[in-house]
Peer 1: 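Can you read through this structure? Questions will come right after.
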Amino acid sequence: MTPEPVTPEPVLAVEGLRVSAATDHGRVTVVDDVSLALRPGRIHGLAGESGSGKTVTGLAVLGLLARPALRVEAGTARLGGDDLLALGERELRAIRGRRVSMVFQEPMTSLDPAFTVGRTIGEVLRTHLRLSRRAARARAVELLDRVGIPEPDRRVDAYPFELSGGMLQRVLIATAIACEPAVLLADEPTTALDVTVQAGILALLRSLADDGMAVLLVTHDLGLLAEHCDDLTVMYAGQVVESGPVADVLTAPAHPYTAGLLAAVPSATVRADRLAAIPGAVPAPHLMPTGCRFADRCPHRRAECAEPVPLTGGAGRARRCVRADDLVLEGV
Ligand SMILES: Nc1ncnc2c1ncn2[C@@H]1O[C@H](COP(=O)(O)OP(=O)(O)OP(=O)(O)O)[C@@H](O)[C@H]1O
Ligand SMILES: [Mg+2]
């Protein structure tokens, strides 16, 4: 008898995150009731169209929201015994880059052009681990090697402008993992890169997960997530609409939005006559309905969809749809 595969406990558990933003229409909620469980050794995909709240979610967890425009209104983010959302800046500074790291959406703007890559990586090691200059440089070379940069003992002295986009992304990842954090949040790490370079970065993220890291892979590219993640959370208009093991979500989506997205993914397993975009548009944050946010675009809506819909089903396989039990949606 083969034992049931054990799902590891989450290292980072976000629950009920709500973030508001100051806009021309006053304060509006841009992230609402977001829960995410990141587990060691697994890549957790976070999907959702532009503006759905993926980046704001990552920034909120690290206490990096642009204040005062953005503000956490509710929720917890448990990392070990700490709630990151309740910590002050001083405590967060000791955790960021050390226990949780983030690779940001624009690699070019995340590196200081005046610093060699060795110095950039070295700063993190010197700040968090109090390494000497010499030890930090030696470790930076090892890290460049770890992320697949050829000739690391030469490249350690390179400036950002001397490196390609794919190499810069690897440098950012090396910086992020320098202190061996338990969690790596990677926000669109491959969007600006061509396909072969992208494949290399994804292989690197996989090898980090294989080393035991919990990786969050944020992207609006569902096809990429289908191929590269273990767990998947889908966001729509600032809310999680469903989450679960990636194969479950893709083969048996529980939310009509996910089913609509899957129908729009160009892939060998999807027939061309289903390559239809979902009609309609995401409601503006200040015009968000109190009920299901997807209702006005949903072919399955009912009267009860006008009421607020909770996320049900628990962390293993959650969905936010009143019809989750009676609808059978087509996956891929
Ligand atoms: N500094 C800010 N001030 C006000 N609103 C903001 C700010 N930053 C983000 N928002 C709003 O928060 C919402 C979520 O934005 P976010 O950047 O998290 O989306 P995203 O899912 O990461 O999109 P993309 O795929 O384009 O990166 C959007 O409506 C956005 O306009
Ligand atoms: Mg984003």
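In listed order, ligands and their atoms are each counted from 1. Sequence positions, counted from 1, serve as the residue numbers for this chain.
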Peer 1: In chain order, what residues pass the side-chain contact (heavy atoms from CB on, under 4.5 Å) check against Thr76, with sequence neighbours excluded?
Peer 2: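 For Thr76 the side-chain contact (heavy atoms from CB on, under 4.5 Å) partners, ignoring immediate neighbours, are Glu15, Arg78, Asp83.
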Peer 1: Salt-bridged, Arg206 to Asp230, with N to O below 4.0 Å?
Peer 2: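 So Arg206 pairs with Asp230 through a salt bridge.
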Peer 1: Give a yes/no answer: is there an N/O/S atom of Ser50 under 2.8 Å from the Mg ion (ligand 2)?
Peer 2: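 It does not; every qualifying atom lies at 2.8 Å or beyond.
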Peer 1: Could Glu89 and Arg96 be called an ion pair, given the rule that one side-chain N must be under 4.0 Å from one carboxylate O?
Peer 2: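 Here Glu89 pairs with Arg96 in a salt bridge, since their nearest N and O are under 4.0 Å apart.
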Peer 1: Distance-only, no hydrogens or angles: does the Arg317 side chain make a donor-acceptor pair with backbone N or O of Gly244 under 3.5 Å?
Peer 2: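 Pair absent, no side-chain N/O of Arg317 close to backbone of Gly244.
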Peer 1: Taking ILVMFWY side chains as joined if any heavy atoms are under 4.5 angstrom apart, and letting links pass through other members, which residues group with Tyr159?
Peer 2: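 Answer for Tyr159: Phe161.
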Peer 1: By the salt bridge (Lys or Arg N to Asp or Glu O under 4.0 Å) test, which pairs, at least two apart or in different chains, include something from residues 132-143?
Peer 2: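 Output for this query lists Arg137-Asp157, Arg139-Glu142, Arg139-Glu180.
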Peer 1: Contact residues of ligand 1 with a heavy-atom cut-off of under 4.0 Å?
Peer 2: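 Close residues (ligand 1, cut-off 4.0 Å): Ala21, Ala22, Val30, Glu49, Ser50, Gly51, Ser52, Gly53, Lys54, Thr55, Val56, Ala69, Leu70, Gln105, Glu188, His220.
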